[in-house]
Chemist: 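Take a look at this one; I'll ask things after.
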Amino acid sequence: MSDPQHVLAARVQAALGAAFGEPDADPVIRPSQFADFQANVALPLAKKLGRKPRDIATEIVAHLDVSDVCEKVEISGPGFVNLTLGPGWIAGQAQEMLGDARLSVEKTDAPQTAIVEYSSPNIAKEMHVGHLRTTIVGDAIARVLEFAGHHVIRDNHVGDWGTPYGMLIELLLDVGEGSEQAKLLETDPNAFYQAAREHFDSDPEFAQRSRERVVKLQAHDADTIRHWERLVDLSKIYLHKVYGRLGVTLTDDDIRGESFYDDMLGDIADELQAKGVAVISEGALCVFPPGFTGRDGDPLPVIIRKSDGGYNYSTSDLATIRYRVDKMNVDRMIYVVGSQQALHFQMVFAVARMAGWLPDGVSAEHAQIGSVLGPDGKIFRTRSGKSIKLTELLDEAVERAGAAFDEVPHDEPFDGETRRQVVEAVGIGAVKYADLSTARGSEYVFDFDRMISFRGNTGPYLQYATARIRSIFRKGGLSPEEATGPIVLGHEAERALALHLLGFGAAVHQTGETTEPHRLCAYLFDLASAYTTFYENCPVLKAPDEATKASRLALCALTLRTLGKGLALLGVATPERM
RNA sequence: GCGCCCAUAGCUCAGCUGGAUAGAGCAUCGGACUUCUAAUCCGACGGUCGGGGGUUCGAAUCCCUCUGGGCGCGCCA
């Protein structure tokens, strides 16, 4: 336990128990501008006990045992208890963190099985900027929860079933698997989809074959399934490429697409009807969860089975919930999906609860992802109105990172291959970090210049901070692992840096609980800022004496590992040099 | 009409689930490289937190209401 906030909370709580018999009261420890932290509990407690806040504060302090942690405790204002940590304690905790493989980040004491559904592209189509954000944010959430000690199941709920596949299969059969056009599935699936669409719209014979193919597909005709599998396999090659380049942890094993649930849909419909939850309305089997109304004020249905007998994605989502609860025993489901689908998920969750498939002990959360906007403030698209190709977007980011790289002098020369790797890491990291650093539900304006800037809360700034630290170790002729301290805090910048380092675990856990990676981003940016102040004020290799040098090297090593681990949890690479 | 998200500095965004004097980056202005990477740093300027009520010791934060935006709302996913 190195997080000062938790340590102080426990101590103040003990004091509350001893003084007032209120060991369960929240001590309300917050960062303070007048000290390191302040306990605000005296004010609400005074209200509850009908006494003066300052008297309460005085009594808390009288019972407070923090002599080993704090160097100063004082009461100020109406009853705030200001707590200033002792440099010795901070140094000791930092030293412990340095020696711990997990950087003193404790595993949760309440581990859950959490399934994170993210990315989930429709594999018939090209991924675009919208998929980018759900993919990146979802991957970060999965990594963070895993590190926090939860059992994480990644779930790529791809769209791999339904009406479009009739025409896609027919086109694939027409052009042949080895053809140039079929290769589009591996490089530009959207182009293949659009070609199929064109045939479908212009060629009645093709359209007819496509419809027949859909029927065969849904009837699990063996030959058709074989073609469909081939089509899906080709599309996976494209997914591999994109995920590989992005450094996303999704694998084929994580793909559990809509097709997986297809044979459960009939059961879902039957059971809902048998339970009396679903009713026939206008020829379709519907559930009307209470509290949802449509445009005209009428109850809004979740359509379970269309009037033509087909199923749509609500049914598939219900089957998914039931499967995850019954077969996978998940405690928590996290849907990293665009905010446009908020209403859909509310209704599906409501139906699942009505049907008894989603028990109270299992949480289902829609981690809403805001849209990415273009410079005009509208959904990011090209001039022609098409969605922007992901690969082209990444290429441009890398190209711009390369231009910035070439503009500035470097302390050591780079060979071509190293330059290529660095620029790739910076360009991709910039795009990913931009997606992660704004609150996930917020829309944000996509701006290359801002995200590739080396100032402010950006990926490159954080990467640069790690590169500068590594540079110190190279120049000093030792590895970060060799810097073991002891850590002694003299300069104010050293103290501030060390104190900030201790907050890493809290930032990680908070990020996992809220599924909000931007909190971790904010922590890392503040950490990098604290390091930069230290860097400007405290010479490391030219420290005044050996003890100071050893301590500062240890702080550098600890900062490097913390930034590196934090960025790794976000899925952002950290090049050795820049 | 209903639901979700949003409105904070000229611009782009934070604000840690109610704490003391609301913060960053960009832009503007002024400084710092014979010094571990200046792709950096330090200052200055800049906000009646959309309006109005309420809850209480205390509100950008919670509740209500109004205004103004974005998105979604029966057989697409």
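Here is the naming used below: chain letters follow the sequence lines, and residue numbers restart at 1 for every chain.
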Chemist: Strictly by modelled atom types, are A:S479 and A:E482 linked by a side-chain donor-acceptor pair under 3.5 Å?
Modeler: yes
Chemist: Give A:Q340 one of three labels, base, sugar-phosphate or nothing, depending on what nucleic acid heavy atoms sit under 4.0 Å from its own.
Modeler: sugar-phosphate
Chemist: Is the closest basic N to carboxylate O distance between A:K549 and A:D545 below 4.0 Å?
Modeler: no
Chemist: Look at the aromatic rings of A:Y313 and A:H344 and report parallel, tilted or perpendicular, splitting at 30° and 60°.
Modeler: parallel
Chemist: Expected output is a numbered-order residue list: members of residues 31-41 of chain A with a heavy atom under 4.0 Å from any atom of RNA chain B. What is it?
Modeler: A:P31, A:Q33, A:F34, A:Q38, A:N40
Chemist: Going by salt bridge (charged side-chain N to carboxylate O under 4.0 Å, His left out), name the residues that satisfy it together with A:D308, two or more places apart in sequence or in a different chain.
Modeler: none
Chemist: Without hydrogens or angle criteria, can the side chains of A:D3 and A:H509 be said to hold a donor-acceptor pair below 3.5 Å?
Modeler: no
Chemist: Just to be sure I understand the rule, does A:H410 reach a base, reach only the sugar-phosphate, or reach nothing, if contact means heavy atoms closer than 4.0 Å?
Modeler: base
Chemist: When all nucleic acid strands are considered with a 4.0 Å heavy-atom cut-off, which category describes A:P53: base, sugar-phosphate, or nothing?
Modeler: nothing
Chemist: How would you label the contact of A:C538 with the nucleic acid (heavy atoms, under 4.0 Å): base, sugar-phosphate, or nothing?
Modeler: base
Chemist: Pick base, sugar-phosphate or nothing for A:N82, based on heavy-atom distances below 4.0 Å to the nucleic acid.
Modeler: base
Chemist: Expressed in whole Å, how much space separates the P atoms belonging to B:A24 and B:C41?
Modeler: 13 Å
Chemist: Could you tell me which residues satisfy salt bridge (charged side-chain N to carboxylate O under 4.0 Å, His left out) with A:D435, sequence neighbours excluded, listed by chain and number?
Modeler: none
Chemist: With a 4.0 Å cut-off on heavy atoms, is A:S307 in touch with a base, just the backbone sugar-phosphate, or nothing at all?
Modeler: base
Chemist: Please work out if A:G159 contacts a base, only the sugar-phosphate, or nothing of the nucleic acid, heavy-atom cut-off 4.0 Å.
Modeler: nothing
Chemist: Any base atoms under 4.0 Å from A:A522, or only sugar-phosphate, or nothing? Heavy atoms, all strands.
Modeler: nothing
Chemist: Expected output is a numbered-order residue list: members of residues 448-464 of chain A with a heavy atom under 4.0 Å from any atom of RNA chain B. What is it?
Modeler: A:R450, A:F454, A:R455, A:G456, A:Y461, A:Y464
Chemist: Measure the acute angle between the ring planes of A:F414 and A:F405, then classify it against the limits of 30° and 60° as parallel, tilted or perpendicular.
Modeler: perpendicular
Chemist: As a check on the pairing definition, encode RNA chain B in dot-bracket form, counting Watson-Crick and G-U wobble pairs whose two distances are under 3.5 Å, and using | for partners outside this strand.
Modeler: (((((.(..((((.....[...)))).(((((.......))))).....(((((..]....)))))).)))))....
Chemist: At the 4.0 Å heavy-atom cut-off to chain A, mark where contacts on RNA chain B begin and end, going 5' to 3'.
Modeler: B:G1 to B:A77
